[in-house]
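Heads up: the structure comes next, in structure tokens.
The structure displayed is predicted, hence computed values, not measured ones.
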Amino acid sequence: MDYFQIVCGLVVVVLGIYYYYKSIYDTWKNRGILGPKPTYFVGNFLNILIKKESVSDSVKTWYDEFKHEPVFGIFEGRTPVLVINDLDMVKDVLIRNFSTFVDRGFRIFPKIEPLMQHLFLLEPERWRPLRAKLSPIFTSGKLKEMFPLIVECAENLETYLDKVEEDRESVECRDLAAKFTTDVIGSCAFGINMNALMDEGSEFRQMGKKIFAPDLKRLLRESCRQFIPWLYRFVGPLLEQKDVNNFFINLITNSIKYRRENKVVRPDFVHLLMELQDHPDKVNNMELTDSLLAAQAFVFFAAGFETSSSTIAHALYELAQHQDIQNKLRQEIKEVTKKNIKNLTYNDIKEMKYLDKVFKETLRKYPLLPMLTRQAIEDYTFSGTKITVPKGMKVWIPVYGIQRDPNIYPKPEVFDPERFTDEAVATRHPMSYLPFGDGPRNCIGARFAHYQTKIGIMTIIRNHKVKVCEKTTIPYESDARNFLLTLKDGVNLKIEKA
């Protein structure tokens with residue numbers, strides 16, 4: 001074979017690859033759907049991959065450019081994704097035609113990532129029975145039983161705050177809040193004193209940090225899983241967090257073993273997992289392996305401490321910049337909790353209407369998930385349109401873009417709790433506020449998150465004042481290394497006695 005034949009062969013290969021990708025990237029053009037121009041191989045994710053821009057900022061950029069269209073198209077690598085702006089169509093996906101969009105569309109590799117077989121990511125066949133049997137732990141009755149445990153953790157937080165205030169130095173509030181929420185999850189879900197507030201070396205807190213640490217290994221793992229899944233089957237084991245996997249699998253298996261041997265009965269998440277193990281017929285005789293049970297506990301721990309701690313930190317970030325709002329909130333807290341915090345009741349939190357507005361406005365401005373994802377399990381055409389989603393196609397709902405849309409929320413950059421008066425909420429489309437999703441596959445722990453987060457905010461603001469300092473990042477700049485919306489360099493504030 002001479003050089004000319006080799007060159008011709010290479011040209012044929014290159015042209016083949018070019019036309020293959022061109023045929024993919026013409027998907028939306030051929031359907032008459034607008035969208036941002038993709039880059040070969042990575043689609044519209046180049047800035048996200050090289051950590052030049054956060055997922056949240058990318059979602060907002062795309063939404064702002066195409067928000068006057070009912071839908072637009074992007075590419076997740078080679079995968080076409082339909083992004084839905086029209087709020088009535090959003091309701092079709094999440095509620096009215098949920099059965100068609102029950103799948104979130106995530107790839108799961110059980111042998112590589114055993115803890116990823118959790119409720120958030122599972123395919124419909126395993127999600128449905130597990131969701132039905134895990135939901136009882138989050139009823140209002142169960143929350144009332146857990147409430148004293150959350151209050152106990154809040155007392156420890158108050159003690160810790162007095163120590164922080166004495167040090168007279170700035171505090172990274174996301175880490176502070178994560179210590180509190182780690183203790184709450186440990187007590188309420190697992191019956192374990194995680195001691196994250198008082199022990200800087202708490203193993204649970206260290207594991208929590210590892211789960212979300214924005215390091216090179218995590219970047220490679222997520223990029224390979226998303227864009228080169230066939231390769232991930234081979235290299236995934238080298239990139240996986242084996243210490244985190246082993247920690248949580250051993251935690252659950254050992255906890256269950258101990259409770260069975262010592263006949264310990266405690267109405268918490270571990271007890272619910274034990275009941276599922278004893279009665280597999282209640283979950284369609286699903287094989288309830290140690291890793292599958294541990295995965296449900298893992299997501300409760302990870303989502304429970306991380307999302308609530310970030311929301312607490314974002315609330316403090318805004319309150320530090322708006323002392324008038326902070327003072328108004330503190331006044332309400334003191335009026336409702338005239339006695340010692342130990343006497344705080346479930347109904348006291350429900351009475352704090354302004355706290356509820358602050359909480360909701362925080363999640364409006366800083367939704368933790370920038371988008372909701374679904375995947376069609378059959379062909380679907382949106383009512384009154386010619387827009388068809390073929391079976392297997394992913395759809396996104398751009399939560400961050402919607403909740404920052406000035407046509408829905410005037411002056412969206414302004415932190416204004418009064419957006420959530422009953423009158424104001426009634427004027428808006430119900431799909432314009434989706435921090436916990438909506439429909440049957442919304443966040444199972446939303447009610448728990450409400451109370452945990454509000455108690456955290458209330459405890460910090462009640463007798464202390466948060467203020468900006470020289471380390472506070474203003475204006476807000478999202479951390480491009482994190483998938484969840486977080487402030488670059490952390491939420492650094494001063495905490496003083498009020």
Side-chain angles (χ1 to χ4, degrees), residues 150-151 154-155 157-158 161-162 164-165 170-171 173-174 176-177 180-181 308-367 403-404 406 408-428 432-433 435 449-469 472-476 487 491-498:
I150 304 177
V151 171
E155 292 172 28
L157 176 58
E158 271 215 314
L161 287 170
D162 289 337
V164 167
E165 189 269 334
S170 63
V171 181
C173 290
R174 186 161 166 260
L176 166 69
F180 164 68
T181 55
S308 291
S309 63
S310 291
T311 302
I312 291 171
H314 281 138
L316 297 177
Y317 177 75
E318 290 292 343
L319 292 172
Q321 296 176 72
H322 301 90
Q323 293 294 319
D324 55 335
I325 296 175
Q326 185 178 159
N327 292 337
K328 184 176 179 179
L329 176 59
R330 185 178 297 107
Q331 183 180 351
E332 178 187 69
I333 292 169
K334 286 185 175 292
E335 285 175 359
V336 176
T337 61
K338 292 176 182 176
K339 297 179 181 179
N340 192 294
I341 194 172
K342 292 181 181 179
N343 298 308
L344 186 70
T345 68
Y346 184 84
N347 288 329
D348 286 339
I349 300 299
K350 293 180 74 172
E351 280 185 40
M352 297 183 192
K353 304 300 183 184
Y354 196 65
L355 174 60
D356 185 60
K357 293 176 187 175
V358 168
F359 170 74
K360 288 177 177 175
E361 173 66 351
T362 300
L363 283 173
R364 191 278 308 170
K365 192 172 179 182
Y366 305 105
Q403 294 186 183
R404 292 289 189 105
I408 301 172
Y409 297 96
K411 298 181 180 178
E413 299 304 317
V414 174
F415 186 79
D416 181 12
E418 297 305 321
R419 296 183 200 274
F420 289 92
T421 62
D422 291 341
E423 297 76 17
V425 171
T427 65
R428 293 193 293 267
S432 65
Y433 183 73
H450 274 68
Y451 280 89
Q452 177 182 223
T453 305
K454 287 178 181 179
I455 291 174
I457 295 169
M458 186 215 72
T459 302
I460 294 169
I461 295 302
R462 183 170 180 261
N463 293 315
H464 295 84
K465 180 183 291 187
V466 289
K467 300 171 68 175
V468 297
C469 62
T472 309
T473 303
I474 300 174
Y476 192 95
L487 178 63
V491 180
N492 296 287
L493 301 171
K494 286 278 288 183
I495 297 181
E496 302 174 352
K497 275 287 186 182

With rounding to the nearest 0.5 Å, note down the distance linking [atom1] in [X] to [atom2] in [Y].
X	Y	atom1	atom2	result
I150	T181	CD1	OG1	11.0 Å
S309	Q452	OG	CD	8.5 Å
C469	L493	SG	CG	6.0 Å
T311	H450	OG1	NE2	10.0 Å

May I ask you to test the [X]-[Y] pair for a side-chain heavy-atom distance under 4.5 Å?
X	Y	answer
M352	V358	no
L176	L157	yes
K465	K494	no
E496	H464	no
M458	L344	yes
N463	K334	yes
P412	K365	no
Y317	T472	yes

Determine whether a donor-acceptor pair (N or O, by modelled atom type, separation under 3.5 Å) exists between the side chain of [X] and the backbone of [Y].
X	Y	value
E318	T362	no
R364	D416	no
K360	P417	no
D348	T345	yes
E332	L355	yes
Y476	L487	yes
Y409	S432	yes

If every non-hydrogen atom of [X] is compared with every non-hydrogen atom of [Y], which pair is closest and at what distance?
X	Y	result
T421	K357	CG2-NZ, 3.8 Å
I312	G456	CD1-CA, 4.0 Å
I455	A154	CG2-CB, 3.8 Å
Q403	L363	NE2-O, 3.0 Å
V466	L316	CG2-O, 3.9 Å
S310	R174	OG-NE, 3.1 Å

request  = List the steps, then state whether side-chain contact (heavy atoms from CB on, under 4.5 Å) holds for D422 with K353.
outcome  = CA-CA 11 Å; D422 291 341; K353 304 300 183 184; over 6 Å; no
Next item on the list: Go through E155 and V151 one step at a time and tell me if the side-chain contact (heavy atoms from CB on, under 4.5 Å) criterion holds.
Entry: CA-CA 6 Å; E155 292 172 28; V151 171; 3.9 Å; yes
Quiz item: What about the rings of F420 and F359, do their centers lie closer together than 6.0 Å?
Solution: no
Are the aromatic ring centres of F415 and H314 under 6.0 angstrom apart?
-> no
Cation-aromatic face contact R330/Y354, 6.0 Å, 45 degrees: no
Exactly one of I460, D324, L329 clears side chain to side chain contact (heavy atoms under 4.5 Å, CB included) with L319, and that residue is L329
- request: Please check if atom NZ in K497 has more than 12 non-hydrogen atoms from other residues, nucleotides or ligands closer than 6.0 Å.
  value: yes
For a side-chain contact (heavy atoms from CB on, under 4.5 Å) check, start with the C-alpha distance between K350 and D356, then their side-chain angles and the critical distance, and finish with the verdict. CA-CA 8 Å; K350 293 180 74 172; D356 185 60; over 6 Å; no
